[in-house]
Amino acid sequence: MDEHRRLRVAVEAPQHSGLQTALDYTCERMLSPGTLVRVPLGRREVAGVVWPGEPSNEPSLALKSIAQVLQALPPLSPRWCELVEFAAAYYQRGLGEVALSVLPPELRKLDDAQLANRIARLRKAFDKPVDAIAPAARPELSPDQAAALDRLRELSTPGAAPVVLLHGLTGSGKTEVYLRAAEEALASGRQVLVLVPEINLTPQLEARFAERFGSATDTRERPHRIVSLHSGLTPAQRLKNWLAAHLGLADLVLGTRLAVFAPLPRLGLIVVDEEHDPSYKQQEGARYSARDLAVYRGKLEGACVVLGSATPSLESWQRAEQGRYVRLSLASRIGGGALPAVRLVDMNLLPKATGVTSTLSPQLVAALATRLERGEQSLVFLNRRGYAPVLHCTACGWKSGCPNCSAWRVFHKLDRTLRCHHCGFTQAVPRACPDCGNLDIASIGRGTERLEEQLAASLPGARVARIDADSTKLKGALEAQLSAVHAGDVDVLVGTQMIAKGHDFRRITLVAAVSPDSALFSSDFRAPERLFSLLMQAAGRAGRDAAQAARSEMWVQTWHPLHPLYAALRRHDYIAFAASQLKEREMAGLPPFAHLALLRAEARTAEAAKDFLQAAAELAAQIPGASELLIYPAVPTSVARVANVERMQMLVEASSRGALQRVLTPWMAGLPSLRSHHKAVLRWALDVDPLAI
Ligand code: ADP
Ligand code: ZN
Ligand code: ZN
């Protein structure tokens with residue numbers, strides 16, 4: 001008999017090791033599945049998690065034994081392992097790769113004694129009484145809110161794990177519904193997970209939850225503990241908060257997409273706020289959708305899932321239409337605040353002399369000036385940062401291309417540089433044309449910097465501020481700028497879509513989209529959906545204060561004023577927009593009516609990348625079930641060359657998830673075998689349910 005027990009261990013190994021499943025190791029004693037360990041792998045020692053399931057029965061001569069056991073940490077639950085296993089299988093990544101990548105990085109650095117120490121300190125800290133904050137008064141529920149919560153209560157019978165799509169405009173009181181639903185889950189001793197799309201939005205929401213739950217409501221109770229989990233935390237803080245969740249010390253976890261993997265022993269409710277937001281999709285490594293995993297996790301854990309949005313993703317909307325999700329609607333804004341009137345400026349009607357080159361129509365400038373006189377704030381957004389997207393020479397036609405990428409370098413006027421937004425290559429603006437020496441170099445198009453300049457010039461005396469990725473690079477800069485807006489020290493706020501999302505600006509009565517048209521004709525089939533949701537959200541920024549709502553306006557400058565998207569926007573009619581988009585998607589055979597995966601390959605030459613993808617397509621064709629798939633020819637990605645690497649992609653389409661998954665798994669397992677004939681390929685990656693194609 002073998003005196004050593006055999007165990008399966010999910011080990012940390014990169015994708016290209018081809019290691020998809022758990023490996024067998026031996027150990028002198030029994031270890032529960034979910035135990036964190038260190039094991040030898042090749043010549044290294046790596047982190048691993050003891051995995052549920054039977055080890056293989058192969059002869060054990062060569063098996064290595066576990067090097068270290070981190071027994072201070074209670075084992076991760078079988079349900080957590082199941083979630084990770086599902087994610088790895090569905091998104092076609094290695095089991096150990098996914099398992100270890102979603103644990104706090106700091107966990108890998110500590111030995112058992114250090115970990116025990118941290119845990120003891122944490123327990124002690126949580127034992128200490130917290131400073132009591134005066135509990136915030138709960139508002140009287142609106143009839144819509146009360147109805148939604150009643151329905152939610154009805155659905156959440158023991159054992160049921162309903163998925164609810166909470167549809168309501170910005171300001172309709174969705175967050176209050178989350179708070180009440182959380183209150184009930186907490187009261188029954190369960191934990192709550194709240195996901196938000198962006199780190200920037202966590203402090204605001206955290207404050208609201210803390211205000212409600214951070215204090216004891218009567219003397220017997222202890223205040224509920226709230227922790228956040230996102231990539232902006234220091235490694236030590238992230239470990240601490242993660243441990244608090246895992247040990248059941250924290251009652252409420254608020255975080256970005258990575259928090260969907262937080263171990264929560266008593267999970268009872270998952271809220272996904274702004275569920276349509278593209279940030280829920282991880283864009284590297286395991287390209288998972290935290291929203292979709294949240295829905296899966298709810299089923300696993302028997303937890304209720306609430307997906308909230310003013311403009312739900314078409315995927316979620318369609319599921320609600322089919323009755324797979326329960327749709328609950330909040331029809332009006334709290335306080336009866338009217339929605340801003342939408343004004344379309346037909347750019348075709350501008351006098352030609354100013355029409356083509358000017359960013360700002362005279363009508364919009366006049367409207368901004370009126371706001372300024374009345375002491376109200378405006379928000380103007382444009383989705384391109386920098387001063388101008390490209391510089392060019394009027395004599396020879398030279399343009400500021402990036403030598404490493406198939407993209408233009410953007411002109412940043414403040415520091416007079418040309419910067420590539422893809423590879424980062426930055427140079428000072430040349431004094432004269434590098435090709436012909438001509439001194440007359442002009443900028444084409446516009447970015448936020450130029451818009452800021454133009455606004456300042458057209459509105460003398462206005463205090464104009466800009467918020468975009470450039471202006472907020474320094475730590476704390478965004479917070480400082482936002483508080484200047486809140487304090488009323490800014491008249492006109494200029495920025496990218498960053499400012500259109502989530503922030504609760506009370507004094508803004510005018511929101512303007514300066515140049516949103518490009519999304520109407522984008523090759524990306526989701527561009528209209530994203531534009532509509534952005535504009536609806538931006539409109540929601542205006543008139544949050546009921547007193548000002550009646551005067552609030554949303555301005556859109558467009559060359560296509562008759563486009564159906566703008567027609568739906570004028571009526572604030574998401575439902576009509578969704579219906580028309582779904583019809584188009586169905587006719588075109590696009591998601592949610594088809595299921596997609598995208599295989600991308602990178603190589604030094606486009607030919608090498610293309611050859612590899614072609615060979616991959618041939619390989620796929622031999623897999624049983626491949627006839628149910630449609631594999632498109634390889635094409636260059638939208639920016640084909642980045643940092644001197646050529647990128648090609650190949651789309652795979654199927655009518656069902658099952659049909660797609662049946663082929664993807666053996667296919668991905670077979671790809672490494674192509675490598676010997678395609679040495680020029682640097683890497684490849686599969687994106688299941690890609691957001692953009
Ligand atoms: P959403 O999340 O849909 O944007 P919120 O829940 O943030 O909406 O509500 C908008 C505003 O209305 C907030 O200031 C909130 O405090 C307030 N509010 C929400 N529900 C009520 C209510 N039932 N009574 C009074 N005020 C409310
Ligand atoms: Zn020139
Ligand atoms: Zn570049």
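Counting convention: from 1, in listed order, for ligands and their atoms alike.
The SG atom of Cys393, the Zn ion (ligand 2) and the SG atom of Cys433 define an angle of 110° (nearest 10 degrees). Rounded to 10°, the angle formed at the Zn ion (ligand 2) by SG of Cys436 and SG of Cys396 is 110°.
Every heavy atom of Gly168 sits 4.0 Å or more from the atoms of ligand 1. Ligand 1 lies within reach of Arg208, whose nearest heavy atom is under 4.0 Å from it.
For Phe209 and His224, the distance between ring centers is not under 6.0 angstrom. For an aromatic pair to be called close, the ring centres must be under 6.0 Å apart, and Trp317 with His276 fails this.
To the nearest 0.5 Å, atoms CD (Gln497) and CG (Leu531) are separated by 10.0 Å. Taking CG of Leu534 as the start and CG of Asn383 as the end, the distance is 6.5 Å to the nearest 0.5 Å.
With Val306 as reference, Leu166 is the one residue of Val272, Ile270, Leu166 to meet the side-chain contact (heavy atoms from CB on, under 4.5 Å) rule.
Considering only residues two or more places apart in sequence or on other chains, Tyr280 meets the side-chain hydrogen bond (donor to acceptor under 3.5 Å, both in side chains) condition with none of them.
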### Query
How far apart are the C-alpha atoms of Arg138 and Glu211, what are their side-chain angles, what is the distance that settles it, and do they pass the salt bridge (charged side-chain N to carboxylate O under 4.0 Å, His left out) test?
CA-CA 10 Å; Arg138 296 141 87 242; Glu211 195 183 48; over 6 Å; no
### Task
Take Asp470 and Arg419 through the test salt bridge (charged side-chain N to carboxylate O under 4.0 Å, His left out) and record every step on the way to the result.
CA-CA 11 Å; Asp470 295 317; Arg419 271 189 242 160; 3.3 Å; yes
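Atom numbering of ligand 1 starts at 1 in the shown order; those under 4.0 Å from a heavy atom of Ser142 are 23 (N). Atoms of ligand 1 lying under 4.0 Å from at least one heavy atom of Ser172, given by number and element, are 3 (O), 8 (O). Those atoms of ligand 1 with a heavy atom of Glu176 less than 4.0 angstrom away are 6 (O), 19 (C), 20 (N). Short contacts between ligand 1 and Gly173, defined as distances under 4.0 Å to a heavy atom of the residue, involve ligand atoms 1 (P), 3 (O), 5 (P), 6 (O), 8 (O), 9 (O). Listed by atom number, the atoms of ligand 1 under 4.0 Å from Leu141 heavy atoms are 23 (N). For ligand 1 and Leu169, the ligand atoms under 4.0 Å from any heavy atom of the residue are 3 (O). Listed by number with element, the atoms of ligand 1 under 4.0 Å from a non-hydrogen atom of Thr170 are 4 (O).
In this structure, of Gln145, Glu140, Lys174, Gln537, the residue bringing a heavy atom nearest to atom 20 (N) of ligand 1 is Gln145.
By the criterion of a heavy-atom distance under 4.0 Å, neither the backbone nor the side chain of Leu330 is placed next to ligand 1. Using a 4.0 Å cut-off between heavy atoms, Thr175 contacts ligand 1 through both its backbone and its side chain.
Note: an N/O pair closer than 3.5 Å links Gly171 and ligand 1 by distance alone.
Of all protein N/O/S atoms, those under 2.8 Å from the Zn ion (ligand 3) are Cys402 SG, Cys405 SG, Cys420 SG, Cys423 SG, and waters are not counted.
Gln318 and Arg324 form no side-chain donor-acceptor contact under 3.5 Å, judged by distance and modelled atom types alone. Looking at Arg384 and Thr448, their side chains never bring a donor and an acceptor atom within 3.5 Å of each other.
For Arg431, the CZ atom counts as loosely surrounded, since its 6.0 Å shell holds 12 or fewer non-hydrogen atoms of other residues, nucleotides or ligands.
The minimum heavy-atom distance linking Ala685 with Arg287 is given by the pair CB-NH1, 3.6 Å.
Remark: Arg180 does not engage Glu184 in a salt bridge, criterion side-chain N to carboxylate O under 4.0 Å.
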